[in-house]
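Below you'll find the structure, written out as structure tokens, and then a few comments.
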Amino acid sequence: MKHFTGSIIITLLGITAAYLWGEHIHQGTGFLCVFIAFILGILEVSLSFDNAVVNAMKLEKMETVWQHRFLTWGIAIAVFGMRFLFPLLVVAIFAKISIIKVLNIALNDSNQYAHYLHLTHAPIAAFGGAFLLMLFLSYFFNCEKETHWIKGIEHCCSHLGNIKGFETIVTAIAILITQNYVSAEYKLSVLTSGLIGIMVYLTIDGITHWLEKHEEERAKALSATVKGGGLVAFLYLELIDASFSLDGVLGAFALSQDIVIITIGLSIGAMFVRSLTLLLVEKKTLARYIYLEHGAHWAIGALALIMFVSTAVEVPEVITGLIGLAFIISALISSILHNKKENGTV
């Protein structure tokens, strides 16, 4: 329960703020705003089980101080940065208007703001899809990977890891295919955003690997186990988390067009996801259930493909959430069966 104390406090504060905001903007809609914020929080959590597992995998390798900063600094970035500032910034860039004017529109003309955000959906989804597909492929296209969940496919993918840069080639092809199915006015922005997604992933991943290698050399020199971490690793984790949140931010407008209520609801969900992440780290859950990482990365791959598809066709959020949850649950069940078999109880 200690892991979720902060989440519960944030939820109570968020619900109170949602009620007061509803009564301030549209008198008599306070409880409706509370309900919407609560549903958005559940939506965020349901879409982010795979996010929690991946975050835990990365967080285990970080120093304790950076683990706690992920919950403090990180939640501030997730709440203010991705759930509030990022949509404003994207609209300002694509609509070619100042961010102050966008903020004014978001607070006073939610319909117009939702219209602007809808126009930016395709390039945002292309960026997120490219980044997450690179993350998915890099995990499975690894010739050093020995543990396989879906053995036939994963074993074959591990051999493809011998082809240097193959995940980049596959992602670039996916972007080219995607931009053929969007409207002519979005083709260039989708292509550009997708390529930026690849470049951002390669840059952050490259720096992270360099830091990990540096930490390993330092650990050998000290004859001790030294956890990696630091600012770059923290930023890498935040970028992964941000990419996961894109579908939730965009899908939230199906329930509400009020940016304040959306920010409150998604922030409640984001806080619970972070608490769940720390719980997974402290309980060593990934070590006990060996296929959870695999299930999370398959869910990432599915989310990446869904984001590419959503550039041209609307995909209901319930489908995204259920597919990710199905992979996580299946991987958990497989892990439990594997443990029973190892212990001779099956």
Mind checking whether [X] and [Y] have side chains closer than 4.5 Å, heavy atoms only?
{"X": "Ile262", "Y": "Phe84", "value": "no"}
{"X": "Ile175", "Y": "Leu133", "value": "no"}
{"X": "Leu137", "Y": "Phe166", "value": "no"}
{"X": "Tyr291", "Y": "Trp298", "value": "no"}
{"X": "Glu314", "Y": "His121", "value": "no"}
{"X": "Leu160", "Y": "Val170", "value": "no"}

Any donor-acceptor pair under 3.5 Å from [X] side chain to [Y] backbone:
{"X": "Thr192", "Y": "Ser189", "answer": "no"}
{"X": "Gln179", "Y": "Leu191", "answer": "no"}
{"X": "Asn142", "Y": "Tyr139", "answer": "no"}
{"X": "Thr11", "Y": "Ile268", "answer": "no"}
{"X": "Thr311", "Y": "Phe308", "answer": "yes"}
{"X": "Ser183", "Y": "Tyr186", "answer": "no"}
{"X": "Asn339", "Y": "Arg288", "answer": "yes"}
{"X": "Glu154", "Y": "Ile150", "answer": "yes"}

> Would you find more than 12 non-hydrogen atoms of other residues, nucleotides or ligands less than 6.0 Å from Glu146 atom CD?
Replying inline: no

> Only one of Val34, Leu266, Thr29, Ile36 forms a side-chain contact (heavy atoms from CB on, under 4.5 Å) with Ile261, so which one is it?
Replying inline: Ile36

Please list, one pair per line, the donor and acceptor atoms closer than 3.5 Å that link side chains of residues 197-204 to other protein atoms, with sequence neighbours excluded.
unit_1	atom_1	unit_2	atom_2	d
Tyr201	OH	Ser138	OG	3.3
Thr203	OG1	Met199	O	2.8

>> Applying side chain to side chain donor-acceptor pair (under 3.5 Å) to Ser7 and Ser275, what does each step give before you reach the verdict?
In response: CA-CA 7 Å; Ser7 299; Ser275 297; 2.5 Å; yes

> So which residues get pulled into Ile9's cluster when ILVMFWY side chains under 4.5 Å apart are joined, directly or through others?
Replying inline: Leu13

> Any link between Val53 and Ile329 through a network of hydrophobic side chains (Ile, Leu, Val, Met, Phe, Trp, Tyr) touching at under 4.5 Å?
Replying inline: yes

>> So that I know where these two stand, are Phe31 and Phe35 an aromatic pair - ring centroids less than 6.0 Å apart?
In response: no

>> Parallel, tilted or perpendicular: which one describes the rings of His24 and Trp21, with boundaries at 30° and 60°?
In response: tilted

